[in-house]
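Structure first, then comments.
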Amino acid sequence: MTTPAAALRVEGLSVAYGGVHAVRSLGFTVEPAQCVGIIGANGAGKTSTLKALMGQAPRTGGTIRLGDTDLTRVPAHRKVRHGIGYVPEGRHVFSGLPVEQNLLLGAVTRRWDTTTRARLREQYELFPVLGEMKDRPAGALSGGQQQMLAIGRALMSKPRLLLLDEPSMGLSPKLVGEILTVLRRLREEEALSMVLVEQNAALTFGVADHCLVMENGEVAMEGPSARLGNDPQVRRVYLGL
Ligand code: ATP
């Protein structure tokens, strides 16, 4: 299930809700097969950044390019066709629908063809528990399993770039460990490019190659995860060490 990698280039991205400037002139690049982490406190502007990349937040400036394509003005519903997968904050699975139906909602085509079957097989290989529970309603899954389902659903469209918003939210340390394993596998085995937004800095440093620390809508610090993870201020503020 190797995917063609693509670089994301974001320049001067700004988001404002009326008078509230949530993101101010943000710039970063995700190289092919690289994971960039964005950490920061509540309200720092992380979710607004991802939503702006998806065309779901009021962008007041800046450009967004994926590979050779300018996606700045591409509407949200067409972003998936351009190769962006999005796992929103809070999972948003359809709890009354069976697991498999939830996965199928992420497929680009609704046709029950060989490609769709192959995509489903890939998700069941990556997340065996989803295969075991494919006919159960999604609401019967645990929080961690629902997070796997949300990731699997985004992967059904075979994205070149995956955007993840706080996948560890509300999960036990054991389940956070499982998410970490899955994300590392996607990066290392599938060469998927990713943007990982998290409040859990330890998880982010464990997956991302490069990290941005956002404060008040701006990049306060950035660098390789290995370096930021050893920075005394970052360790104190974001790792509680
Ligand atoms: P969290 O970790 O709590 O999700 P965050 O870093 O993702 O925080 P954002 O949710 O992007 O931060 O919020 C950035 C700023 O924009 C905050 O001041 C927030 O109150 C404001 N904001 C976010 N969404 C809206 C909205 N729909 N309308 C008005 N203000 C908003």
Side-chain angles (χ1 to χ4, degrees), residues 1-10 28-39 46 49-51 53-55 64-69 71 74 76 78-89 91-92 102-109 115-116 118-131 144 146-169 171 175-198 200 203-212 224-226:
M1 127 177 189
T2 305
T3 38
L8 174 74
R9 231 169 283 284
V10 178
F28 65 95
T29 297
V30 185
E31 300 296 346
Q34 191 190 37
C35 176
V36 168
I38 305 181
I39 61 171
K46 308 180 299 298
T49 299
L50 284 197
K51 284 188 171 170
L53 296 182
M54 280 311 283
I64 301 158
R65 294 185 70 82
L66 184 65
D68 296 330
T69 314
L71 294 184
V74 170
R78 291 189 49 218
K79 288 263 164 67
V80 175
R81 284 191 185 274
H82 282 278
I84 304 188
Y86 180 38
V87 184
E89 190 174 4
R91 310 192 262 272
H92 300 290
N102 269 272
L103 286 173
L104 288 170
L105 289 172
V108 173
T109 71
T115 309
T116 307
R119 296 271 189 282
L120 275 177
R121 266 201 309 278
E122 288 167 2
Q123 306 325 315
Y124 295 150
E125 200 182 302
L126 189 60
F127 307 109
V129 68
L130 298 184
Q146 288 187 16
Q147 187 62 65
M148 306 286 180
L149 177 55
I151 297 173
R153 183 177 57 193
L155 293 175
M156 284 294 288
S157 63
K158 202 135 183 122
R160 296 186 289 164
L161 172 75
L162 188 65
L163 310 178
L164 298 127
D165 197 350
E166 298 209 27
S168 80
M169 196 206 275
L171 301 185
L175 292 174
V176 171
E178 288 179 20
I179 296 284
L180 176 81
T181 305
V182 164
L183 297 183
R184 276 193 179 145
R185 202 173 147 192
L186 287 174
R187 205 201 57 183
E188 286 158 17
E189 294 176 21
E190 313 300 336
L192 191 60
S193 305
M194 290 189 271
V195 179
L196 172 63
V197 155
E198 264 296 340
N200 184 330
L203 166 68
T204 311
F205 293 146
V207 180
D209 308 272
H210 188 92
C211 278
L212 315 180
S225 299

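What you see is a predicted model, and the numbers here were worked out from it, not measured in a lab.
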### Query
Is Glu188 salt-bridged to Arg184, going by a charged N under 4.0 Å from an acidic O?
no
### Query
Is there a donor-acceptor contact under 3.5 Å from the side chain of Glu198 to the main chain of Ser168?
yes
### Task
Please name all residues satisfying salt bridge (Lys or Arg N to Asp or Glu O under 4.0 Å) with Arg9, sequence neighbours left out, ordered by chain then number.
none
### Query
With side chains defined as the heavy atoms from C-beta onward, is the minimum distance between Cys211 and Thr204 less than 4.5 Å?
yes
### Taking every non-hydrogen atom, the tightest pair across Lys79 and Leu71
CE-O, 3.4 Å
### Message
Could you measure the distance from the OG1 atom of Thr69 to the NE2 atom of His82? Nearest 0.5 Å is fine.
### Response
6.5 Å
### Message
Counting C-beta onward and ignoring hydrogens, is there a side-chain heavy-atom pair between Phe127 and Leu149 closer than 4.5 Å?
### Response
no
#### Entry: Residues which pass side-chain contact (heavy atoms from CB on, under 4.5 Å) with Arg119, listed by chain and number, not counting sequence neighbours
Thr115, Glu122, Met156, Lys158
### Task
Return yes when atom NZ of Lys51 has more than 12 non-hydrogen atoms of other residues, nucleotides or ligands closer than 6.0 Å, and no otherwise.
no
### Task
Evaluate the side-chain proximity of Val36 to Leu8: yes if any heavy-atom separation is below 4.5 Å, no if none is.
no
### Task
Please name the residue in the list Val87, Leu50, Val195 that meets the side-chain contact (heavy atoms from CB on, under 4.5 Å) test with Leu164.
Val87
### Query
Shortest non-hydrogen contact from Pro159 to Ile84?
CB-C, 4.0 Å
### Partners passing side-chain contact (heavy atoms from CB on, under 4.5 Å) against Val80 (at least two apart in sequence or in another chain)
Val108, Ser157
### Query
Closest approach of Ile39 and Lys46, non-hydrogen atoms and distance?
C-CD, 3.7 Å
### Query
Which residues satisfy the side-chain contact (heavy atoms from CB on, under 4.5 Å) test with Leu175, sequence neighbours excluded?
Leu171, Ser172, Glu178
### Summary
When rounded to the nearest 0.5 Å, the distance separating CG of Leu180 from CZ of Arg185 is 13.5 Å
### Task
Locate the shortest heavy-atom distance separating Arg187 from Val207; write the atom from each residue and the value.
NH1-O, 2.7 Å
### Query
Of all heavy-atom pairs between Ala208 and Gly37, which one has the smallest distance, and what is that distance?
CB-N, 3.5 Å
### Query
In chain order, what residues pass the side chain to side chain donor-acceptor pair (under 3.5 Å) check against Thr49, with sequence neighbours excluded?
none
### Message
I'd like to check the side-chain contact (heavy atoms from CB on, under 4.5 Å) partners of Glu89; sequence neighbours left out, ordered by chain and number.
### Response
Thr47, Asp165, Glu166, Met169
### Message
Any heavy-atom pair between the side chains of Cys35 and Asp209 that's under 4.5 Å?
### Response
yes
### Query
With a 4.5 Å limit on heavy-atom distance, are the side chains of Leu126 and Leu186 in contact?
yes
### Query
For Tyr86 and Ala154, which heavy atoms make the closest approach, and how far apart are they?
O-CB, 3.8 Å
### Check: Leu105 main-chain N/O paired with Arg153 side-chain donor or acceptor under 3.5 Å
no
### Query
Heavy-atom distance under 4.5 Å between the side chains of Leu53 and Leu161, does that happen here?
no
### Task
Please assess Met148 against Ile179 for the test side chain to side chain contact (heavy atoms under 4.5 Å, CB included), listing each intermediate value before the final yes or no.
CA-CA 8 Å; Met148 306 286 180; Ile179 296 284; 4.1 Å; yes
### Message
As a quick check of understanding, evaluate side chain to side chain contact (heavy atoms under 4.5 Å, CB included) for Leu120 and Leu104, giving each step before the final call.
### Response
CA-CA 8 Å; Leu120 275 177; Leu104 288 170; 4.1 Å; yes
